[in-house]
Amino acid sequence: MMDVTHPTAGWEQVGERFYRKIQLYTQVFDLDLDLDNFIVAGAPYGGAIALYRNEDKLVAFNPAKASKPSIDIYSCAGKLIRSISWDKGSIRGLGWSEDEKLLVVTAEGTVRCYYDLQGDFTQFSLGNSAEELGVKSCKFYDHGMVALLSNNTLISVSSYDEPRPKQLAPPPEEGDVHSWNIIPPAYTLSRSVEVLLSIGDTVYVSDATECEDRFLDIGPFTHIGVSPNGKFAALYTATGKAHVITSDFQTRLSEYDSRSRIPPKYLEWCGNDAVVIAWEDEVHLVGPGGSLARFYYDSGRVHIVPDYDGVRVIANDTCDFLQKVPDVIEDVFRLGTDSPASILLDAVEQLKMQSPKADDNIQLIRPHLVEAVDTCVNAAGQEFSIHWQKQLLKAASFGKSVLDVYNSDDFVDMCETLRVLNAVRFFEIGLPLSYEQYQRLQPHGLISRLLNRHEYLLALRIAGYLRLPTDKIYVHWASAKVKVGSEDDDAICRKVVEKLSGKPGISFEAIARAAYDEGRGRLATELLNHEPRAGRQVPLLLSMEEDELALDKAIESGDTDLVYFVLHQLKRKLPLASFFRVLNPRPTATALVEASARDSDGSGREDMALLKDLYYQDDRRIDGAAVFIREALQQPEARTAGDKLVLAAKLLTDNTKENAFELSALKEAASLLHAQQVLESNLNDDFTGLSVNQTLFKLIKLGYHGRAKKVQSEFKVPERVAWWIRLQALVAKRDWSEIEEISRARKSPIGWEPFFNQTLQAGNPRLAATFIPKCTGLEPGQIITMYEKCGLRVKAAEEAVKTKDAESWARLLEAAGRNTQEGREIERLGLAVFKR
Amino acid sequence: MAPHAGFDTEQVREKARKDLLYLLEGVRGKKNLVIEKELAGPLGVIVKASTLRDYGVDNFFFLENKNTDASQRNVVFIARGESSKHAYAIADQIKRLQRESQSPHEFHIFWVPRRTLLSDKILEEAGVLGDTNVAELPLYFFPLEKDLLSLELDSSFEDLYLAKDPTSIFLLARALMGIQQKHGLFPRVIGKGDNAKRVAELLARMRQELLAGEDVNETDKIGLTPSTTTESVIIIDREVDLVTPLLTQLTYEGLIDEVFGIQNSQTDVDSTIVGTQPLPAQGASATAAPASSTQSRKRKIQLDSSDKLFDQLRDANFAIVGSLLNKIARRLQSDYESRHSSKTTAELKAFVQKLPGYQAEQQSLKIHTGLAEEIMKHTRTENFNKLLEVQQNLAAGADPSSQFDAIEELIARDTPLPQVLRLLCIYSCISGGIKTKELDHFRRLILQSYGYQHLLTLQNLEKLQMFLSRSSPLASMIPMTGSAGATGTKTNYTYLRKQLRLIVDEVNEHDPNDIAYVYSGYAPLSIRLVQCILQKQYLLSITRGNGAANAPGPAAGGAQGWRGFDEAVKHARGQTFDEVQKGEDKAVKARALLSGGGDKKTVFVVFVGGISFTEIAALRFIAKKEEARRNIVICTTSIISGNRMMEAAIEKGTFSKEAPKPTAGVVAAGGA
C-alpha cells in the first residue's frame with residue numbers, strides 16, 4: 001500500500017470543530033523572492049495571484065535584475081502567467097473581481113481593468129475628486145470596488161463593464177481612517193455597498209444615502225474584517241484584541257486577546273465561523289468563543305488570500321488552504337467515529353484484505369446504508385487527496401451494490417466533477433478549486449478561467465466531458481490566433497475558418513474584432529464575412545469605416561436601431577451630398593432618415609433643411625413641395641405663408657401636366673389667403689385659417705351675400721355645395737325671411753327636403769311645412785309623416801285621403817282624439833273616402 | 001424538466017410587473033417618475049399607480065410636458081428607446097435639472113423595451129450618459145385581455161405604411177420570439193401580406209441567430225424545438241384588408257371606440273353621461289397619470305373583462321345592446337328584491353354577502369346605460385345613417401357612382417373630415433382606385449371644404465394607397481375588376497366578395513351564426529382569411545352554394561395552411577406563406593412525450609399594423625366556436641380604427657394665425 005497520510009493529519013481542533021490545513025502546492029516561489037517586499041492580491045476561487053513590489057520597502061540594489069516595475073501574475077502553484085510592466089506610478093489598489101479581472105488603481109484615481117490575464121485592459125477614471133485629492137486605498141468585491149480618498153470621501157463603482165463612479169455618503173472629514181472594509185451589495189439590505197470605517201474610537205457605516213456612527217468606544221481598530229456572507233464583522237484593536245460582532249452592530253459575539261504588541265499583517269475571515277490573524281510567519285485561527293489554533297511558517301513571510309470557504313496561505317515554499325473541516329469529512333474521518341459512513345469505508349478496507357468483517361460491517365449499518373453511501377460520495381468531493389477520493393468512491397460503490405434501489409445520479413456527477421477538479425488542480429494548471437468554490441464558479445466560469453490561461457485543449461476536453469457549448473473556446477482560440485499568429489492574413493483566415501467550419505454558434509464577429517484591434521483590417525473583413533448574424537457585424541464594420549457595408553448589414557438585420565445608429569454616425573461623418581448618395585439606393589434607410597427628420601429634436605420640430613435637400617437631390621418634387629407647405633402652415637403671417645406656397649408651386653412647375661391638380665390647389669390656397677386678408681381689412685373680422693366653405697358660411701351668416709357670391713364664383717364652388725352652405729348658414733342665423741325668399745325659387749339643386757329637415761330641426765315647423773309641397777320623388781306616405789312632424793295632422797290627413805291611405809288616416813285620427821276639433825276635422829275629411 | 005404549461009397572458013402581465021417593480025426597487029428612496037405620455041396608459045395596464053407609490057414614487061410627470069421638478073433626489077425616466085426624440089428629451093431635462101437644481105440628482109432611465117445604441121449615442125453626445133443609470137425594461141406585449149396582447153405602439157400604422165419605418169415589425173418579431181423562447185417554436189407559421197412575410201422572415205432569422213448565439217443554455221433551448229402547446233401562428237398584414245377597419249364599427253365596444261375613443265382599455269367620457277366616480281377613488285383610474293386636474297369633468301372608464309357586464313356586451317352588435325341592458329336591469333332588480341323574500345337569517349346573510357357584488361353591478365349598469373344612450377343619440381342622427389348607408393352600399397358592391405351625390409352632400413354639410421375620408425378610401429380601395437376626373441372632383445371638394453392644408457392629407461392618403469387615381473403610378477398594378485390575372489398586388493374585393501362570401505344578408509344579430517353579424521351583414525375580409533385556415537369546413541359550406549367554381553375542397557380536417565383556398569387568397573394583396581418549423585426529431589418526440597399531447601393548443605393570430613375592436617369581436621366569435629379544439633390568442637401592434645387610420649394621414653396644421661392648438665381627439669360624426 002502506498003504511503004499516504006491519514007486525512008486527519010493536518011487537523012486542528014478549534015473549539016468544538018476541526019480546521020484543516022491542506023498543502024496545495026510546494027515550491028511556489030523562487031527562494032530569492034522576498035515575499036515581504038511585495039503586495040500580494042489573489043483572485044477568488046483559487047484564481048491567480050498578483051505580486052507588486054511594495055514601494056514603501058527598501059530593497060537591496062541588484063544589478064543582475066531589471067529594476068523596471070511590473071505586476072507579476074502567478075498561478076497558485078507559482079507558475080508565472082504574465083508579467084505586466086507598470087509605469088503609471090504609485091499603486092493604491094490592487095485587487096480582483098469575481099471573474100478574475102485584475103484591477104489596478106493609481107493614486108490619481110485611474111483604474112485599469114486587466115480582463116484576460118494577458119495584459120489587455122480597459123481603463124476608466126474615478127472622477128475629478130479622486131484626481132485632485134488622491135486615492136488612499138481600495139477594497140474590491142465580486143464585480144465592484146470602493147476607493148477611499150485622502151479626505152475620507154468614498155467612491156464606489158458597481159460594475160466594470162459600465163463604470164459609473166459614484167460618491168457614497170461622506171463620513172466625517174476630520175479624523176484618520178485607521179482601517180476600513182466593505183460589505184458587498186449582495187449582502188446588504190440597502191442593495192448598495194456598505195462601508196465600515198474605523199475613525200477615532202468608533203466605526204462609521206456609510207452607504208449610498210447616509211453615513212451613521214455606530215457609537216463604539218473600544219477603537220481605534222487597525223483591522224476590520226467582514227465575513228464572506230456579510231453577516232459578521234471582526235474588529236481588531238490597536239491593543240491586540242479582536243472583537244467579533246454581527247455586521248449590523250447589534251450583537252457582540254466573542255472576543256480574543258492576541259497578547260501581541262505587533263500589529264498583524266492580515267485579519268481575514270476563514271469561512272463564516274473563524275477569523276485568521278496573520279503576522280510575519282505566524283497564523284492564528286480564532287474560532288467561536290475565542291478558541292484558537294496556531295500555525296507557524298518557518299520559511300519566512302506569509303500572505304493570506306481569502307476565499308469563499310477558507311483562506312489560502314502563500315509562502316515561498318508552500319501554498320496552503322486553511323478551512324473548516326467539512327461536516328461530511330468529519331463524519332467519516334474523525335478519530336473514534338462510528339458513523340455509518342466510516343464503517344462503510346472500513347468495510348472496503350476489509351474487503352480488500354478479503355476479510356469477512358466486510359460483510360459484518362455492512363450488516364451493522366444496513367439500516368443507514370443509503371445515508372452512508374451519500375456521505376461517502378459527498379466526502380469524496382471535499383477531499384483533496386486523490387487516494388482518499390478513490391477510497392471514498394469505492395466505499396460508496398460497494399455500499400451501492402448492496403442496496404436494491406439507489407439513485408446513482410449524484411455518484412456519477414461526483415465522479416465527473418472530481419475528474420475535472422483534479423485536472424485543474426494539477427500544478428501545471430494551478431487552479432486549486434475546492435468543491436464549494438467550483439459549485440459557485442460553475443463549469444462555464446471554470447472554462448473561461450482556462451481560456452484566460454490559454455489552456456484550450458483542457459478547456460475543450462472539459463467542455464466536451466461536461467457536454468457544455470464549445471463555441472466560446474473556439475472563438476477565444478481563434479482570437480488569440482489572429483493576435484499572435486505570425487502567418488499571413490490568408491493563411492490565418494483559412495486556418496481559422498477550416499477549424500471552425502460546421503461548429504454552431506461561432507461568433508466570427510468577435511474574432512474579426514480581435515483581428516481589427518490588432519491592426520489587421522483585411523483579415524477582419526474576411527473573417528466578418530463568415531459571421532451569420534448581420535446585426536453583430538455592424539458596429540465593427542462602422543469602426544472599420546466600411547460605412548455602406550455596415551448600413552446594408554444593419555438593414556438586413558431588420559433591427560431599425562442598428563440602421564438609425566449607422567445613419568446617425570454617417571450623417572455626422574459624411575458631407576451631405578455623399579450622405580444622400582449612400583441613402584439613395586436604400587429606400588428603408590431613406591425612410592428612416594425622413595421619419596427622424598420629421599421629428600428631429602424631440603419637440604416636434606422638423607429638420608426642414610435636411611428634408612428639402614434630400615428631396616431635391618432625389619428629385620422628389622411633390623415631397624419637396626410638401627415641406628414648403630408645412631412651412632407655410634407654421635408662418636405667423638398670411639403674407640409669408642403665401643410666399644412659401646409660391647415656393648412650393650415653383651418646385652412643381654417643371655411638370656405642369658402631371659402636377660396640374662397640385663398647382664391649381666396651391667394657387668387657390670394662395671388666393672384664398674389673399675382674399676381673406678382683404679375681407680379682414682374690410683370687414684374687421686377674422687377669416688384667415690378658414691376653408692373656402694367656412695368663409696362662405698361666415699360671410700352669409702354675417703349677411704354679406706354679395707361678397708359670398710364673389711367668393712363662390714372665384715373658387716368655383718359647385719352650386720349644390722353652395723346651396724347647402726347657404727341653407728346651413730341661414731338656419732344657423734335663424735334668418736327665416738331669407739329662407740322664405742329662397743323658397744320662392746323654382747328649383748333647388750339639392751331638392752327641398754334638406755330645407756324641410758333643417759328648418760324643422762331648427763324649430764320652425766311652420767316654415768318647414770311650406771317646403772313639403774315642393775318636395776319631389778318622395779316615398780308614398782312620407783308626406784304624411786312630414787306634415788305630422790310639423791304638427792299639422794289635418795294636412796297629413798288630407799294627404800292620407802288623397803293617397804287613399806286608410807291606415808294612416810285612422811292612426812292620425814287616433815292621435816288627434818275624436819273629440820278635439822282637429823279630430824273632428826280629420827274625421828270629416830276621411831268620411832267621404834273611407835267607408836266604415 | 002416539468003411539462004410545459006400552455007400559454008397564458010397572465011404570465012406576461014406578471015413578468016412585466018415584476019420587471020418594473022424590481023427596477024424601481026433598485027432606486028433607493030423616494031423618486032420622481034417621468035413617463036413618456038404614450039407609455040403611461042400601457043403601464044397602467046400592468047401596474048396601478050398606488051402600487052408605484054408603495055415603491056417610493058412620489059410624483060408623476062409626463063416627459064413631453066418638460067416640467068420635471070427637483071423635488072426628489074432620484075429621477076426615473078421611463079420611455080421607449082427606439083426613437084431618438086425621447087433620448088433628446090431626456091438629455092435636455094437632465095441637463096436642465098443639473099443646471100437649475102441646487103442639490104445633486106441621481107438619474108435613472110428605464111428604456112422600454114430595450115436599450116438602444118442610438119439612445120446611448122445621443123446621451124453620450126449630450127454629455128449625460130455618464131451621469132445616468134441606464135436599465136432595460138423589456139415590455140413588449142401588454143396584455144389587454146386574456147386573449148389579447150398588444151404592443152400598444154400607437155403610431156405603428158402611420159410608421160409602417162406612411163413613413164415606411166419598419167421598427168414595429170422588428171419589435172413584433174422580437175415579442176413573438178419571446179413567446180417562442182418560452183413555449184417553443186410555432187410549429188407552423190402561416191400568413192398573408194408583405195409585412196407579415198417580413199415578420200416571418202425575421203422570426204426565422206432570429207431563430208438562426210439564437211442557434212448561433214453563444215450562451216445557449218438549457219432554458220433557451222426550448223425556444224429551438226417546436227412547441228407542443230402551440231398549434232400555429234397566423235400573421236396578417238393590415239395592408240391586406242384596409243377596408244374593414246374603415247367601415248363604421250357596429251359592435252358595442254367598437255362603437256364606444258368610434259364615439260368616445262378607447263385608449264389602453266380606457267375611455268374618457270363626460271361625467272354627465274356616466275355619472276361621477278363612486279367615492280372609493282381607487283377603482284377605475286389605474287393609470288399612472290400625472291396628478292390629473294380635478295376640475296376635469298371627464299371620467300375614465302375602465303373597459304375590460306373585469307367588468308362582467310361589459311364582458312357580456314362588448315362584442316354584441318349594438319342593435320341588441322339595448323335589450324340586453326334591459327334584461328340585465330330586470331334581473332338585477334329581481335335579485336335585489338329577493339331580499340324581501342329572505343326569511344331566515346341564513347338567507348339574509350347570504351344576501352348581504354352578495355351585496356357588494358350587486359352594487360358593483362348596479363354601478364356598471366349605470367355606466368353602460370349612460371354610454372349606450374349617448375351612442376344611441378349618435379346613431380340616430382341623419383349624418384350617421386347616411387354615412388352608414390353609403391358605406392354598406394359600397395361594401396356590398398353597389399356602383400360607386402350611385403353614391404356620389406350622397407358623398408358630396410356629406411362634404412357640403414361639413415361632416416367631420418375623418419368620416420368623409422373613410423368613405424372615399426373605402427370607395428378607392430374597393431374599386432382599385434378612382435377615375436382621375438372623379439378623383440380631382442372629390443379632392444377639390446375636400447380642399448375647399450376643410451382647407452388647403454389637406455393637400456398634404458391627400459398626398460399622405462395616396463402614399464398609403466388608400467385614396468388614389470387608377471392612373472397613379474402607385475396604382476399601376478391594380479387588377480381591374482374581375483381580371484384574375486395580375487394577383488397579389490392589390491386586394492380584389494369584387495372577386496373575394498363572392499369567393500369568401502363577404503356579404504351575408506340573412507344575419508341574426510341576437511343569435512349570430514356568422515362573423516358577418518359584427519357589421520350587420522358584412523364579414524370582415526381579414527377575419528375570413530383566418531377562417532380559411534381555422535374553419536375550412538364551415539367556410540366551404542357557406543361559399544359552395546354560390547356557384548363560384550372553387551377547387552374541389554378537401555374539406556377533411558387534415559388540410560392545413562391555406563389548402564382549399566389557395567386561389568382565393570391569391571386575390572388578396574401581398575405575399576402568401578405557410579412554413580413548418582421543425583426541430584431535431586429526438587427533441588420533438590421527447591417533448592411530445594412529456595406534455596402528453598391531446599390538450600387544447602394555442603393559435604396565435606397576429607395583426608401587423610393593428611386590429612380593430614370589431615375584428616377582435618369576430619375573432620372571439622370564431623374562438624367560441626372552436627373552443628373545444630383550440631385557444632385563440634390575438635396579438636397586434638396596436639388597436640386601430642378607421643378614425644385612427646385617418647388621423648395618421650390628416651395634416652394637423654392650419655393657416656390660422658393663432659398658435660396651432662393640439663387638435664382634440666377624433667371628432668365623431670355627429671349631428672349637424
Side-chain angles (χ1 to χ4, degrees), chain A residues 164 190-192 208-209 469 471-472 504-507 532-533 539 558-562 564-565 568 587-588 591-592 594-596 598-599 601-602 622 626 629-630 633-634 636-638 641 661-662 665-666 668-669 672-673 688-689 691-693 715 717-718 720-721 724-725 728 750 757-758 761, chain B residues 25-26 28-29 81-89 92 116-118 121 130 133-134 159 163-167 169-170 173 198 201-202 205 208-209 211-214 216 382 408-409 411-414 440 443-445 447-453 455-456 459 651 653-657 660 672:
Chain A
R164 299 255 190 284
S190 59
R191 276 173 58 177
S192 149
T209 49
D471 44 290
K472 258 194 187 157
I506 300 294
S507 166
R533 285 153 296 181
D559 185 345
T560 39
D561 176 38
L562 282 172
Y564 272 129
F565 181 66
H568 187 88
T588 309
L592 291 181
E594 287 179 67
S596 65
R598 285 296 293 276
D599 192 358
D601 63 352
I622 297 268
I629 300 174
R630 281 200 295 275
L633 293 174
Q634 289 166 6
E637 269 182 73
F661 177 79
E662 282 79 9
L666 285 170
E668 279 181 30
L672 178 65
L673 279 175
T688 315
S691 69
V692 174
N693 290 11
F715 293 92
V717 178
R720 287 161 44 84
V721 175
W724 264 108
I725 296 170
Q728 290 175 103
I750 55 173
N757 284 329
Q758 298 276 321
Q761 265 171 34
Chain B
E25 224 173 7
R28 273 200 77 200
E82 303 297 327
S83 133
S84 58
K85 63 179 175 187
H86 299 130
Y88 281 119
D92 279 352
T116 56
L117 293 168
L118 182 69
K121 190 83 200 157
N133 298 287
V134 181
D159 290 348
K164 313 278 180 206
D165 171 354
T167 304
I169 295 183
F170 183 77
R198 185 79 186 123
E201 281 168 8
L202 280 176
R205 171 181 277 276
Q208 287 308 317
E209 298 199 348
L211 208 60
E214 284 133 72
V216 184
E382 206 186 327
E408 200 177 276
E409 178 187 325
I411 295 174
R413 296 180 63 178
D414 207 20
D440 283 352
R443 288 202 289 188
R444 271 181 61 86
L445 285 180
L447 294 183
Q448 290 189 341
S449 177
Y450 300 95
Y452 288 98
Q453 69 270 29
L455 194 52
L456 299 173
Q459 280 177 13
E651 171 60 43
T654 68
F655 283 103
S656 73
K657 275 178 285 186

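Only this structure's heavy atoms are used, side chains among them; waters, hydrogens and symmetry mates stay out. Numbers restart at 1 for each chain; the letters A, B, ... are given by sequence-line order, proteins then strands.
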Novice: So which part of B:K121 gets closer than 4.5 Å to some heavy atom of chain A, the side chain, the backbone, both or neither?
Specialist: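 Just its side chain gets close to chain A.
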Novice: Supply the atom-to-atom distance A:N693 CG to B:R413 CZ, rounded to the nearest 0.5 angstrom.
Specialist: 14.0 Å
Novice: What option among A:L562, A:L666, A:V717 has the most heavy-atom pairs under 4.5 Å with chain B?
Specialist: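 Greatest number of close heavy-atom pairs with chain B: A:V717.
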Novice: Less than 4.5 Å apart, any side-chain heavy atom of A:T560 and any of B:P166?
Specialist: yes
Novice: Among B:R205, B:E651, B:R198, who wins on heavy-atom pairs under 4.5 Å with chain A?
Specialist: B:R205
Novice: Side chain, backbone, both or neither: which part of A:I750 has an atom under 4.5 Å from a heavy atom of chain B?
Specialist: neither
Novice: For A:F661, is it the side chain, the backbone, both or neither that has a heavy atom under 4.5 Å from a heavy atom of chain B?
Specialist: side chain
Novice: Looking only at heavy atoms and a cut-off of under 4.5 Å, which of A:I725, A:T588, A:T209 has the most pairs with chain B?
Specialist: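 Max contact count across the listed options: A:T209.
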Novice: Non-hydrogen atoms of chain B under 4.5 Å away: do they reach the side chain of A:I622, the backbone, both or neither?
Specialist: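 Both parts, backbone and side chain.
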Novice: For B:L117, is it the side chain, the backbone, both or neither that has a heavy atom under 4.5 Å from a heavy atom of chain A?
Specialist: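 It is both, since atoms from each part get that close.
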Novice: Does any N or O in the side chain of A:S691 come within less than 3.5 Å of the main-chain N or O of B:S449, such that one atom is a donor and the other an acceptor?
Specialist: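 Yes, because the side chain of A:S691 sits within donor-acceptor range (under 3.5 Å) of the backbone of B:S449.
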Novice: Determine whether A:E594 and B:K164 satisfy the following criterion, salt bridge (charged side-chain N to carboxylate O under 4.0 Å, His left out), listing intermediate values before the conclusion.
Specialist: CA-CA 10 Å; A:E594 287 179 67; B:K164 313 278 180 206; over 6 Å; no
Novice: Distance from B:Y452 atom OH to A:L633 atom CG, nearest 0.5 Å?
Specialist: 14.0 Å
Novice: Do A:V692 and B:Y450 have side chains that get closer than 4.5 Å, going by heavy atoms?
Specialist: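 A side-chain contact is absent here, since even the closest heavy-atom pair is not under 4.5 Å.
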Novice: Decide, yes or no, whether a salt bridge links B:E409 with A:R720 under the criterion of side-chain N to carboxylate O below 4.0 Å.
Specialist: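 Result for this pair is no, no salt bridge flagged.
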Novice: Is B:E201 close to chain A through its backbone or its side chain, or both, or neither, when contacts mean heavy atoms under 4.5 Å?
Specialist: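 When you check distances to chain A, no heavy atom of B:E201 falls under 4.5 Å.
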Novice: Please report the interatomic distance OH(A:Y564) to OG1(B:T167), rounded to the nearest 0.5 Å.
Specialist: 5.0 Å
Novice: Is A:H568 close to B:L118 at the side-chain level, that is, under 4.5 Å between some pair of heavy atoms?
Specialist: yes
Novice: Would you give the length of the straight line joining atom CG of A:L672 to atom CG of B:L447, rounded to the nearest 0.5 angstrom?
Specialist: 11.0 Å
Novice: Would a 4.5 Å heavy-atom cut-off, applied to side chains only, mark A:V721 and B:I411 as touching?
Specialist: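 Not touching, per the 4.5 Å side-chain cut-off.
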Novice: Between B:Q448 and chain A, with a heavy-atom cut-off of 4.5 Å, which part of the residue counts as in contact: side chain, backbone, both or neither?
Specialist: both
Novice: Report the distance from atom CZ of A:R630 to atom CD of B:Q453, rounding to the nearest 0.5 Å.
Specialist: 13.5 Å
Novice: Work out which heavy atom in B:S84 is nearest to a heavy atom in A:S596; give both atom names and the distance.
Specialist: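 Looks like OG-CB, 4.5 Å.
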Novice: Under 4.0 Å between a Lys/Arg side-chain N and an Asp/Glu carboxylate O for B:E25 and A:R191?
Specialist: yes
Novice: What is the distance from atom CD of B:E82 to atom CG of A:D561, rounded to the nearest 0.5 Å?
Specialist: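 One finds 6.0 Å between CD of B:E82 and CG of A:D561.
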